[in-house]
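Written below as structure tokens is the structure these notes are about.
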Amino acid sequence: MQDTATLQEEILRLKKKRNAIILAHNYQRPEVQDIADLTGDSLELARAAAALDSDTIVFCGVDFMAETAAILAPEKTVLLPVTDACCPMAGMVRAEELRFARSRHPDAAVVCYVNTTADVKAESDICCTSANAIDVVNAVREDTVIFVPDKNLGQYVARFTKKTVLPWEGFCLVHDRYTPADVTRAKELHPDAVVLVHPECRPGVIDRADHVASTSGIVRHIRNAPGNEFIIGTEIGILHRLEKECPGKRCYPLSEKAVCVNMKKTALVHVRDALISHQPGIVVPEEIAGRARRAIERMLAVP
Ligand code: 13P
Ligand code: SF4
């Protein structure tokens, strides 16, 4: 078995040869984040996929993220090193269910979280991520919004808009597990710490937090915050970026159990093998990609 440093060197060599860029989500394993050209949240990675100059994108994340990259950059080869790295929440709404919901609320806009399949995006008016969900909902013309699939994010957005938000019944297996008691316990252990949580958390957890943000929003906040201690209510992979970019600040996980198993499936060997074989590639049929692209590009145009 090759050691980490040797594998990382091999990947960097192959990456150059393939004219590839490596994008990694903030929840990826530390050694994968370390070889990425960019580690970020869903919005930053989608923007990078569209903007960065390369023939190939190796997407270290989960399926909907690689699909979004493939939709935005159809001229590039998008590789998802582990095909079964999926987001269970994205499977909690299907295109036909959404069409039915739309038929029941014909005057509503459909806003889909980026954690959805391409065919759900194709049925939506506009996409959003955790970083821009409030701005996106406020930007649509309609007074009512069907928000899919994350009920917690939908309810969080509803706090910041006059529009009627009809949340779906989906949830994240990782963030929905935090309880208000977890926050109380963590605050007792670290009474001076600022509590930051992701908007996929339940309303009772959000109520007890000091700050709510996307994964990269959490990193930015801590980088610029005057305090020294922080409790982090999101997947623990983010602690690696926090250690690297916010040295001297102490970040405690709200729960050590907050692990997204799908985000952890991608190891360096998979990245290396994908670069050698140029597989597995993500291809979204243009009939779906074209309509999904419209929803994503509308989101990217929201100031
Ligand atoms: P971010 O866009 O905030 O990184 O969130 C993605 C995600 O899947 C959170 O669980
Ligand atoms: Fe999906 Fe939750 Fe994993 Fe994010 S943390 S990819 S929402 S399962």
Side-chain angles (χ1 to χ4, degrees), residues 23-29 32-33 36 38-49 59-69 72 80 82-93 111-117 120-121 127-136 147-154 156-157 167-178 196-202 205-206 209 211-222 232-242 245 253-266 296 299-300 302:
L23 301 180
H25 187 264
N26 288 321
Y27 298 159
Q28 288 291 293
R29 296 171 185 235
V32 172
Q33 293 189 30
L38 177 74
T39 301
D41 67 13
S42 312
L43 184 60
E44 291 168 333
L45 297 176
R47 285 193 193 281
F59 211 114
C60 303
V62 287
D63 51 2
F64 75 83
M65 297 179 173
E67 258 186 13
T68 304
L72 285 173
L80 179 66
V82 177
T83 31
D84 70 347
C86 62
C87 170
M89 191 212 283
M92 293 182 189
V93 54
V111 178
C112 68
Y113 192 23
V114 69
N115 300 39
T116 43
T117 58
V120 164
K121 289 184 178 75
C127 184
C128 74
T129 75
S130 64
N132 60 16
I134 297 167
D135 293 337
V136 165
F147 191 96
V148 296
D150 186 10
K151 65 176 173 191
N152 291 335
L153 181 60
Y156 174 67
V157 169
W168 206 255
E169 273 304 310
F171 61 93
C172 162
L173 273 61
V174 178
H175 292 86
D176 196 64
R177 279 181 70 184
Y178 294 122
L196 297 104
V197 304
H198 195 275
E200 289 174 10
C201 293
R202 293 182 191 186
V205 171
I206 285 181
H211 192 71
V212 181
S214 75
T215 54
S216 289
I218 289 175
V219 176
R220 265 192 305 277
H221 185 92
I222 294 178
I232 312 298
T234 195
E235 210 270 354
I236 59 170
I238 201 170
L239 295 170
H240 181 63
R241 241 193 104 183
L242 288 167
E245 295 181 29
L254 179 52
S255 164
E256 298 274 0
K257 291 188 194 134
V259 177
C260 176
V261 290
N262 283 287
M263 282 285 184
K264 298 295 182 270
K265 284 181 178 168
T266 308
I296 301 167
M299 163 184 86
L300 295 176
V302 170

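Every number for a ligand or one of its atoms is a count from 1 in the order of the listing. Bear in mind that the values here come from a model prediction, so they are computed numbers and not experimental data.
- Remark: ligand 1 and Asp41 share no N or O pair separated by less than 3.5 Å (distance only, no angle test).
- By the 4.0 Å heavy-atom criterion, Asn262 is excluded from the residues contacting ligand 2.
- Within the 4.5 Å cutoff, the side chain of Val114 has no heavy atoms near those of the Cys128 side chain.
- Using a 4.0 Å cut-off to heavy atoms of His175, the atoms of ligand 1 that qualify are 10 (O).
- Under a 4.0 Å heavy-atom criterion, Met263 is not in contact with ligand 1.
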Could you go through the side-chain hydrogen bond (donor to acceptor under 3.5 Å, both in side chains) check for Ser42 and Tyr113 one step at a time? CA-CA 10 Å; Ser42 312; Tyr113 192 23; 5.8 Å; no
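- In this structure, of Cys87, Ala258, Pro149, Gly61, the residue bringing a heavy atom nearest to atom 1 (Fe) of ligand 2 is Cys87.
- Checking Cys260 against atom 1 (Fe) of ligand 2, every N/O/S atom stays at or beyond the 2.8 Å cut-off.
- Using a 4.0 Å cut-off between heavy atoms, Glu235 makes no contact with ligand 1 at all.
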Test log, rule side-chain hydrogen bond (donor to acceptor under 3.5 Å, both in side chains), inputs Asp41 and Ser214: CA-CA 7 Å; Asp41 67 13; Ser214 75; 2.9 Å; yes
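- Nearest protein neighbour of atom 4 (Fe) of ligand 2, counting heavy atoms only, is Tyr27 CE1, 4.0 Å.
- Residues Leu38 and Leu45 are in side-chain contact: their nearest non-hydrogen atoms beyond the backbone lie under 4.5 Å apart.
- Contact of the Asn152 side chain with the His175 side chain is not registered, since no non-hydrogen atoms from C-beta on lie closer than 4.5 Å.
- The ligand atoms of ligand 1 that sit less than 4.0 angstrom from a heavy atom of Ser130 are 1 (P), 2 (O), 3 (O).
- Contact annotation: Met89 has no heavy atom less than 4.0 Å from any atom of ligand 1.
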Could you walk me through whether Glu44 and Ser216 pass the side-chain hydrogen bond (donor to acceptor under 3.5 Å, both in side chains) test, one step at a time? CA-CA 8 Å; Glu44 291 168 333; Ser216 289; 2.6 Å; yes
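- The single protein non-hydrogen atom nearest to atom 6 (C) of ligand 1 is Ser42 OG, 3.4 Å, given as residue, atom name and distance.
- In the model, Glu200 has no side-chain atom that pairs as donor or acceptor with a side-chain atom of Tyr156 under 3.5 Å.
- More than 12 heavy atoms of other residues, nucleotides or ligands shown are found within 6.0 angstrom of CZ on Arg29.
- Taking atom 2 (Fe) of ligand 2 as the reference point, the nearest protein heavy-atom neighbour is Cys172 SG, 2.3 Å.
- Contact of the Arg47 side chain with the Leu43 side chain is registered, since non-hydrogen atoms from C-beta on lie closer than 4.5 Å.
- Looking at Val197 and Thr234, their side chains never come closer than 4.5 Å, going by heavy atoms from C-beta outward.
- With hydrogens left out, the protein atom closest to atom 8 (O) of ligand 1 is Asn115 ND2, 3.3 Å, a heavy atom.
- Ligand 1 places these atoms under 4.0 Å from at least one heavy atom of His198: 1 (P), 3 (O), 5 (O), 9 (C).
- Close approach of ligand 1 to Ser214 is summarised as follows: ligand atoms under 4.0 Å from at least one heavy atom of the residue are 3 (O).
- Side-chain contact, Asn26 with Arg241: a donor N or O sits under 3.5 Å from an acceptor N or O.
- With respect to atom 10 (O) of ligand 1, the closest heavy atom belonging to the protein is Glu200 OE1, 2.9 Å.
- Nearest non-hydrogen protein atom to atom 8 (S) of ligand 2 is Pro88 CD, 3.6 Å.
- No side-chain heavy atom of Met89 sits under 4.5 Å from any side-chain heavy atom of Phe64.
- Residue contact check for ligand 1: Thr129 places no non-hydrogen atom closer than 4.0 Å to it.
- At a 4.0 Å cut-off, at least one heavy atom of Glu200 sits close enough to ligand 2 to count as contact.
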